[in-house]
Amino acid sequence: MSTTTVTPVEAVRLPDPYPFYARLVAERPFAFDEALGAWVAADAAAVRAVLGSGVLRVRPVAEPVPAGLAGTAAGEVFGQLVRMTDGAATARLKGAVAGALARADTAYAGELAARFTREALAGGGEVPYEELMFGVPARVVAVLAGLTGGADREAARAIADFVRCIPATAGPEDREAASVAAVRLRELLGPVLDSAAAGPEAAAGSGAGIREGYGSGRAHALLAELVRAADREGLVDLGPLLSNAIGFLSQTYDATAGLIGNTLVALARGADAPDTGALVREVVRHDAPIQNTRRFAAGAFTHAGSTVEPGQQLLVVLAAANRDPAVNPDPHTLHPGRVNPVIFTFGAAAHRCPGEPLAVALATAVVTELRTAGWSTTATPAYRPLANARIPLL
């Protein structure tokens, strides 16, 4: 596929999309793309302005939930996810979600990820990349949310089905699978959330403590923190909290898989990185697992002399802005330990994802175990045909 004819969406799955992105930054930092029917924000200034605008929404004003999901269990969860909603009514819920993730036990998460990785590798044979990239991070977050004794594995399988409803390309089978998964995830997480809301003694009595060697009191802490954060925000309805507990799993899924996979590709291409954590943090910028996101204009938005009219879409190319030389010197060099990088991968402003430390901890643990085991893989993989997530097929 020639980089001279692709769209910014198609570029996500190119072996190397970055020359294309560099041309966008240099020549069309904020412009309308006829092929996409959307404005494209590519350089750091445009991306920062778009992400910080109060008139740009994460969903179309007239369609807060995709039409195909309306009235389904998946649609109910989707409509309450803070990453999919805007406005003052959800600001306190966003504060609670961010507050809980800010207190996530990343050291414990790393310990669990390392353990699960060793278990997955213990059988020998080919490296189970799918399990390591997708399953291990999802299982860890499930344990942090209180799902142990096999429920962590079930939640990891269910979230794989739930995220099928999120892309705009989702079809009827995807939406049906997502709704079945949403029901099951509510059944798994609901009792833990109820126990956390009832207090520490109820949580302990619910069986959310030691099972299969998981640490007592640490294996349900994420939802306990969510409840405490909700209390601080004055929130009493557990329904949106339950949806966002599912959101902890869904936000982990593709993003962390891409971060693990892209870090492994960097190593296969000869990255000089004795410090795995520093490498992972630089891959977040250099080869972003989430390459773009979308916004929808609820009102007129003007940037650099161009006006986006209400109802129009914007594609925000986070991966291009990460490599804008105006904010990151020598941006195309992979430099673990880079000082004060400007990174847009996890968003900015009201929708900045607070899960970055957790994602980095999970990816670092998995990659460290693979390096210890003497892993090797191809340096030039194919990429999954996704619109915004850059995930190699290893």
Side-chain angles (χ1 to χ4, degrees), residues 9-10 12-13 58-60 63-85 97 128-142 145 147 151-190 240 242-262 288-294 296 313 315 347 351 353 355 359 362 381-394:
V9 170
E10 294 166 332
V12 172
R13 51 188 180 269
V58 293
R59 290 289 307 162
E63 192 181 58
V65 174
L69 289 180
T72 69
E76 291 172 4
V77 172
F78 186 103
Q80 293 179 325
L81 294 175
V82 295
R83 62 177 288 208
M84 297 296 182
T85 53
V97 170
Y129 290 113
E130 291 290 304
E131 172 63 17
L132 299 180
M133 292 165 62
F134 292 95
V136 166
R139 282 185 64 198
V140 170
V141 175
L147 301 182
D152 52 321
R153 291 184 182 276
E154 185 177 359
R157 291 191 295 268
I159 204 63
D161 282 338
F162 177 78
V163 299
R164 290 168 57 181
C165 77
I166 294 176
T169 55
E173 290 185 5
D174 298 314
R175 293 191 288 267
E176 174 61 26
S179 287
V180 172
V183 170
R184 184 57 183 144
L185 288 164
R186 283 172 165 176
E187 292 171 348
L188 289 169
L189 290 164
L242 180 54
S243 292
N244 282 281
I246 295 172
F248 290 150
L249 289 162
S250 67
Q251 286 182 268
T252 300
Y253 199 72
D254 281 349
T256 309
L259 183 53
I260 292 169
N262 295 345
I290 302 300
Q291 299 256 301
N292 64 64
T293 189
R294 289 185 183 264
F296 302 84
Q313 292 188 38
L315 185 77
H351 280 283
C353 175
L362 294 171
Y383 288 83
R384 296 164 195 268
L386 302 171
N388 73 327
R390 182 166 172 81
I391 308 176
L393 287 159
L394 299 178

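All values reported here derive from a predicted model rather than from experimental measurement.
Counting only heavy atoms from C-beta outward, the side chains of N262 and P392 approach each other to under 4.5 Å. Within the 4.5 Å cutoff, side-chain heavy atoms of L147 are placed close to those of L189. Here the side chains of N388 and Q291 are not in contact, with every heavy-atom distance at 4.5 Å or above. At a threshold of 4.5 Å between non-hydrogen side-chain atoms, the residues P60 and Q313 do not count as touching. Looking only at side-chain heavy atoms (C-beta outward), V136 and E131 come within less than 4.5 Å of each other. Contact of the E154 side chain with the E187 side chain is not registered, since no non-hydrogen atoms from C-beta on lie closer than 4.5 Å. For the pair I166/R83, a side-chain contact is recorded, criterion being any heavy-atom separation below 4.5 Å from C-beta on. In this structure, the side chains of R184 and D161 stay at 4.5 Å or more apart for every pair of heavy atoms.
The two residues C165 and A74 make their nearest non-hydrogen contact at SG-CB, 4.3 Å. The nearest pair of heavy atoms linking A387 to N292 is O-ND2, 3.0 Å. Looking at every heavy atom in both residues, V58 comes nearest to F296 through O-CE1, 3.4 Å. Looking at every heavy atom in both residues, G261 comes nearest to M133 through CA-CE, 3.9 Å. The two atoms that bring T85 and G79 nearest to each other are CG2-O, 3.3 Å, heavy atoms only. Nearest heavy atoms, R139 versus A156: CG-CB, 4.0 Å.
With a 6.0 Å radius and a threshold of 12 heavy atoms from other residues, nucleotides or ligands, E173 has its CD atom at or below the threshold. Within a 6.0 Å sphere centred on CZ of R153, heavy atoms belonging to other residues, nucleotides or ligands number 12 at most.
In this structure, E176 CD and L69 CG are separated by 11.0 Å, a value rounded to the nearest 0.5 Å. Separation of atoms CG (L362) and CG (L132) is listed at 12.5 Å; rounding is to 0.5 Å. The CD1 atom of I391 sits 11.0 Å away from atom OH of Y383, with the distance rounded to the nearest 0.5 Å.
With hydrogens and angles disregarded, a donor-acceptor distance shorter than 3.5 Å links the side chain of R390 to the backbone of V12.
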Apply the test side-chain contact (heavy atoms from CB on, under 4.5 Å) to residues R384 and L393: give CA-CA distance (whole Å), side-chain angles for both, the deciding distance (0.1 Å), then the verdict.
CA-CA 6 Å; R384 296 164 195 268; L393 287 159; 3.7 Å; yes
Show your reasoning for whether side-chain contact (heavy atoms from CB on, under 4.5 Å) applies to T72 and R175.
CA-CA 9 Å; T72 69; R175 293 191 288 267; over 6 Å; no
Check: residues 242-257 side-chain donor-acceptor pairs under 3.5 Å, at least two apart:
residue: S243; atom: OG; partner: Q80; partner atom: OE1; Å: 2.6
residue: N244; atom: OD1; partner: V82; partner atom: N; Å: 3.0
residue: N244; atom: ND2; partner: Q80; partner atom: O; Å: 2.9
residue: N244; atom: ND2; partner: P240; partner atom: O; Å: 2.9
residue: S250; atom: OG; partner: G247; partner atom: O; Å: 3.2
residue: T252; atom: OG1; partner: F248; partner atom: O; Å: 2.7
residue: T256; atom: OG1; partner: T252; partner atom: O; Å: 2.9

